[in-house]
Asker: 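Got a structure for you, questions after.
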Amino acid sequence: FYYRNVELTLADGSEVEELRLVAEFSRNRVDEMVRSLQLPLWPAEREPLDLWVVVDDGLDRRIMPVEFAYVWESMSRVAESRGLPVQWPSPDEEGLFEVDAQLLWGGYTEDLNMAPGAGAMIAAARREGLEWSVRVNVSYSGENWTWRVQDLDLQAALAESLQQATDLISSANAIAASDMGIWSHELEVSGVSNADRYKQCLAYLQELSVVNRVSVVSAAAGRVTFNLELNALPQYLEEALADGGVLAPGEDEEAYQFQP
């Protein structure tokens with residue numbers, strides 16, 4: 001653990017420094033403890049969540065107005081503290097976004113042209129008297145949720161919205177305690193045509209949180225068969241491989257094509 005100074009932007013645009021304690025944990029030891037306590041485990045392989053915020057201040061509707069930059073920074077910090085990777089959309093040189101504000105206001109995540117398995121959160125915030133009312137739509141890994149949050153402070157309302165989104169996403173994508181254990185699973189990978197590709201493929205498999213150990217069963221003509229010791233049902237390995245983008249499904253069942 002260590003301390004670091006973090007620059008924060010306040011609502012009036014001024015910046016202050018805040019001293020924070022940063023504690024780092026051993027992922028393997030924590031995962032082992034979670035399994036021993038028979039708790040659900042959120043795998044480390046997590047698809048990023050695209051964040052879209054459209055604000056109606058009573059005059060017009062805009063996507064991520066610059067005057068609320070401190071709010072977007074606050075949401076990023078919330079996501080980081082919860083271990084949820086997020087991505088913010090970027091405007092073009094004229095400050096325009098590729099998605100119309102009216103479409104976002106409807107909360108139609110299916111119109112964002114997301115890749116399969118990707119996630120998006122649309123927060124539509126409107127000032128209603130003294131309060132901010134935020135309608136939240138989240139789509140992630142095929143699951144969809146919607147709810148509302150109200151607060152006097154927009155920053156607090158959006159932070160709470162992201163906290164709830166993280167709770168739902170982590171719960172829906174967690175490995176149940178009943179699905180944990182030890183399994184032996186063979187995986188055939190083609191396209192491993194040289195030593196460098198073999199090292200890359202082996203390193204990728206060893207880094208997957210659902211994999212305890214990797215050994216080689218056989219190798220011939222650019223094709224390697226691995227034996228994987230898994231700590232959860234093989235279906236979680238398939239989900240991790242689908243999200244990783246390194247191994248693509250091959251023609252045969254249990255066969256994959258390496259994509260360096």
Side-chain angles (χ1 to χ4, degrees), residues 26-32 34-35 39-50 79 83-87 109-110 112-121 138-144 166 168-260:
S26 168
R27 190 186 81 188
N28 292 337
R29 294 292 298 277
V30 172
D31 288 355
E32 182 181 327
V34 168
R35 295 187 187 98
L39 299 173
L41 176 66
W42 188 15
E45 296 78 33
R46 303 168 187 175
E47 286 294 311
L49 181 71
D50 289 341
L84 176 67
V86 297
Q87 298 177 153
T109 55
E110 62 271 19
L112 294 176
N113 297 320
M114 297 182 296
M121 168 177 161
V138 174
S139 177
Y140 193 94
S141 295
E143 299 280 350
N144 295 280
T166 308
L168 292 167
I169 289 170
S170 60
S171 177
N173 290 273
I175 300 175
S178 58
D179 291 343
M180 297 181 194
I182 299 297
W183 282 266
S184 179
H185 184 78
E186 286 197 359
L187 186 74
E188 184 179 278
V189 181
S190 60
V192 188
S193 56
N194 54 50
D196 286 340
R197 289 192 173 191
Y198 168 74
K199 291 178 182 178
Q200 293 173 29
C201 184
L202 180 62
Y204 169 69
L205 293 173
Q206 290 174 330
E207 283 298 312
L208 294 176
S209 61
V210 72
V211 176
N212 286 340
R213 294 184 184 84
V214 181
S215 59
V216 176
V217 176
S218 63
R223 187 179 298 269
V224 180
T225 300
F226 296 96
N227 181 268
L228 310 180
E229 181 186 286
L230 307 179
N231 52 54
L233 289 174
Q235 72 183 60
Y236 295 101
L237 171 67
E238 296 171 5
E239 293 174 3
L241 295 178
D243 292 339
V246 176
L247 299 182
E251 296 181 358
D252 301 327
E253 188 176 356
E254 305 301 338
Y256 284 82
Q257 174 73 34
F258 180 57
Q259 302 183 108

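Since this is a predicted model, take the numbers as computed values, not measurements.
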Asker: To the nearest 0.5 Å, what is the distance between SG on C201 and CD on Q259?
Answerer: 11.0 Å

Asker: Under the 3.5 angstrom rule, does the side chain of R46 hit a backbone N or O of P85 as a donor-acceptor pair?
Answerer: no

Asker: In the structure I gave you, are the side-chain heavy atoms of Y198 and V189 within less than 4.5 Å of one another anywhere?
Answerer: no

Asker: Going from CD on E47 to CD on E239, what distance comes out if it is rounded to the nearest 0.5 angstrom?
Answerer: 11.5 Å

Asker: Hey, does L84 have a side-chain heavy atom less than 4.5 Å from the side chain of W42?
Answerer: yes

Asker: Any idea which heavy atoms bring V86 and A79 closest together, and the distance?
Answerer: CG1-CB, 3.6 Å

Asker: Run the salt bridge (charged side-chain N to carboxylate O under 4.0 Å, His left out) test against E207 and tell me which residues pass, sequence neighbours left out.
Answerer: none

Asker: Taking only residues two or more places apart in sequence or in another chain, which ones pass side chain to side chain contact (heavy atoms under 4.5 Å, CB included) with V34?
Answerer: V30, L39, L41

Asker: Nearest heavy-atom pair of Q257 and G191: which atoms, and what distance?
Answerer: NE2-CA, 3.5 Å

Asker: Please enumerate all residues that pass side chain to side chain contact (heavy atoms under 4.5 Å, CB included) together with N212, with sequence neighbours excluded.
Answerer: I182, E229, N231

Asker: Using the side chain to side chain contact (heavy atoms under 4.5 Å, CB included) definition, which of the options I175, L208, D31 pairs with P43?
Answerer: I175

Asker: Less than 4.5 Å apart, side chain to side chain, heavy atoms only: is that true for V211 and L237?
Answerer: yes

Asker: List the atom of A120, the atom of T109, and the distance in Å for their closest heavy-atom pair.
Answerer: O-CG2, 4.2 Å

Asker: Is any side-chain heavy atom of V216 closer than 4.5 Å to a side-chain heavy atom of F226?
Answerer: yes

Asker: Please examine the side chains of D50 and L112, heavy atoms only from C-beta on, and report whether any two atoms are closer than 4.5 Å.
Answerer: no

Asker: Give a yes or no on whether the backbone of M180 and the side-chain of Y236 come within a donor-acceptor separation of less than 3.5 Å.
Answerer: no

Asker: Are any non-hydrogen side-chain atoms of V224 and F258 less than 4.5 angstrom apart?
Answerer: no

Asker: Would you compute the distance between atom CG of L241 and atom CG of L247 and round it to the nearest 0.5 angstrom?
Answerer: 5.5 Å

Asker: In this structure, are over 12 heavy atoms from other groups packed under 6.0 Å from R27 atom CZ?
Answerer: yes

Asker: Closer than 3.5 angstrom, by distance alone: can the side chain of E45 be matched with the main-chain N or O of S209 as a donor-acceptor pair?
Answerer: yes

Asker: Within the 4.5 Å heavy-atom criterion, are E186 and N227 side-chain neighbours or not?
Answerer: yes

Asker: Indicate the atoms forming the closest heavy-atom contact of G119 with Y140, along with that distance.
Answerer: CA-CD1, 3.7 Å

